[in-house]
Amino acid sequence: DETYEYAWVSGAFEHITGFDYHLQGKEALPKQLVHPEDKEIFAHKFKRLMQGNPEMSEHRIVTKSGEVRWIREYAYPVLTDEKVTFIYGAVRDITSSVKSEESLRNHALQQAAVAEIGLAAMDGGLDSKTFVSEALTLVSHVLEVAWSVLIDYRADEGKFGDYVVVGQRANTDSIESKPDDNSTYLGYVMQQNDPVVVRDWIQESRFRIPKAYQQLGIRTSLIVVVRG
């Protein structure tokens with residue numbers, strides 16, 4: 001019936017996942033660990049294992065604390081009378097390697113974006129607003145974000161001015177225009193004078209969510225102050 005349970009797990013299991021194997025359901029545990037977006041990879045691997053094929057896969061897990069980690073998993077089926085009766089496996093935490101690769105990739109993409117922006121500037125065929133729009137579009141593509149906005153802050157007037165939006169359209173009138181109001185996202189960033197990351201707007205309590213973000217269903221965001 002292709003049901004299974006773990007017969008033995010090493011102590012490294014708890015170190016990587018945060019779960020105490022002995023206190024968890026032996027059948028439910030894998031479903032708790034596999035990242036929702038990688039369940040198809042896990043299901044495909046398990047199907048091939050049950051067909052008697054050794055497997056190596058890389059996928060994400062969600063630890064007990066909610067941290068997402070990458071693992072490389074090796075699995076070898078043992079057959080008895082042409083049926084899989086045991087599966088031996090080993091797991092390696094490759095989170096650091098994956099992050100290093102992502103960092104190198106992002107750095108390369110950023111350098112390419114800077115080069116393209118530089119070439120566009122040297123060409124001189126674009127007006128300033130079009131140039132800023134194209135540069136922001138390129139940066140958005142590199143960062144793989146759904147929505148980006150560049151807002152001009154007029155220090156001499158103490159207010160926000162023009163802005164350029166790239167990506168999904170929303171009511172941009174809802175962008176706050178009070179730099180000294182730290183109950184708003186932009187105002188808070190101006191007061192902090194540092195990049196401010198929101199990992200989950202549902203749980204954010206430092207300031208209220210902008211209406212534009214609500215309209216677009218944005219869950220995570222980042223604002224960075226760029227000094228000219």
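All heavy atoms count here, side chains included; hydrogens, waters and symmetry mates do not.
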Inset, instruction - Over all heavy atoms of both residues, which pair between A75 and P77 is shortest? Give the atoms and the distance, please. - result: O-CD, 4.1 Å
Inset, instruction - Name all residues meeting the side chain to side chain contact (heavy atoms under 4.5 Å, CB included) criterion together with S65; count only those two or more places apart in sequence or in a different chain, and write none if there are none. - result: T63, E67
Legend entry - Linked, directly or transitively: M56 and L49 (ILVMFWY side chains, under 4.5 Å): no
Legend entry - Closest approach of I218 to T220 (non-hydrogen atoms, all atoms of both residues): CG2-O, 3.2 Å
Legend entry - hydrophobic_cluster_shared for V62 and I16, side chain cutoff 4.5 Å: no
Legend entry - D93 (side chain) donor-acceptor with T95 (main chain) under 3.5 angstrom: yes
Legend entry - Any donor-acceptor pair under 3.5 Å from D181 side chain to G187 backbone: no
Inset, instruction - Please say whether more than 12 non-hydrogen atoms of neighbouring residues, nucleotides or ligands are located less than 6.0 Å from CD in Q191. - result: yes
Inset, instruction - Give, for atom CD1 of I209 and atom CD of E204, the distance between the pair rounded to the nearest 0.5 Å. - result: 9.5 Å
Legend entry - Heavy atoms from other residues, nucleotides or ligands near CZ of R206 exceed 12 (cutoff 6.0 Å): yes
Legend entry - Flag side-chain contact, heavy atom, 4.5 Å: R60 against W70: yes
Inset, instruction - Treat each ILVMFWY residue as a node, draw an edge where side-chain heavy atoms are under 4.5 Å apart, and state whether V149 and M190 are in one component. - result: yes
Inset, instruction - Anything under 30° is parallel, anything over 60° is perpendicular, the rest tilted; go ahead and classify Y188 against F207. - result: tilted
Legend entry - Enclosure of D156 CG (heavy-atom neighbours >12, cutoff 6.0 Å): yes
Inset, instruction - State, with a plain yes or no, whether a side-chain heavy atom of H35 is found less than 4.5 Å away from one of H59. - result: no
Legend entry - Straight-line distance of K45 NZ to M50 CE, nearest 0.5 Å: 12.5 Å
Inset, instruction - Go through the steps to decide whether V225 and V189 satisfy the test side-chain contact (heavy atoms from CB on, under 4.5 Å), and finish with yes or no. - result: CA-CA 8 Å; V225 175; V189 173; 3.7 Å; yes
Inset, instruction - Would you give the length of the straight line joining atom CG of L216 to atom OG of S221, rounded to the nearest 0.5 angstrom? - result: 11.5 Å
Inset, instruction - To the nearest 0.5 angstrom, please state how far the OG atom of S57 sits from the CZ atom of R72. - result: 10.0 Å
Legend entry - Heavy-atom closest pair, residues Y153 and G158: OH-CA, 3.8 Å
Inset, instruction - To the nearest 0.5 angstrom, please state how far the CZ atom of R69 sits from the OG1 atom of T17. - result: 10.5 Å
Inset, instruction - For Y185 and V196, work out which heavy atoms get closest and say how close. - result: OH-O, 3.0 Å
Legend entry - Set of residues satisfying side chain to side chain donor-acceptor pair (under 3.5 Å) with respect to S96, sequence neighbours excluded: none
Inset, instruction - Show your reasoning for whether side-chain contact (heavy atoms from CB on, under 4.5 Å) applies to V198 and R219. - result: CA-CA 8 Å; V198 174; R219 288 290 300 273; over 6 Å; no
Legend entry - pair W201-P210: side-chain heavy atoms closer than 4.5 Å: yes
Inset, instruction - To the nearest 0.5 angstrom, please state how far the CG atom of L79 sits from the OG1 atom of T85. - result: 7.0 Å
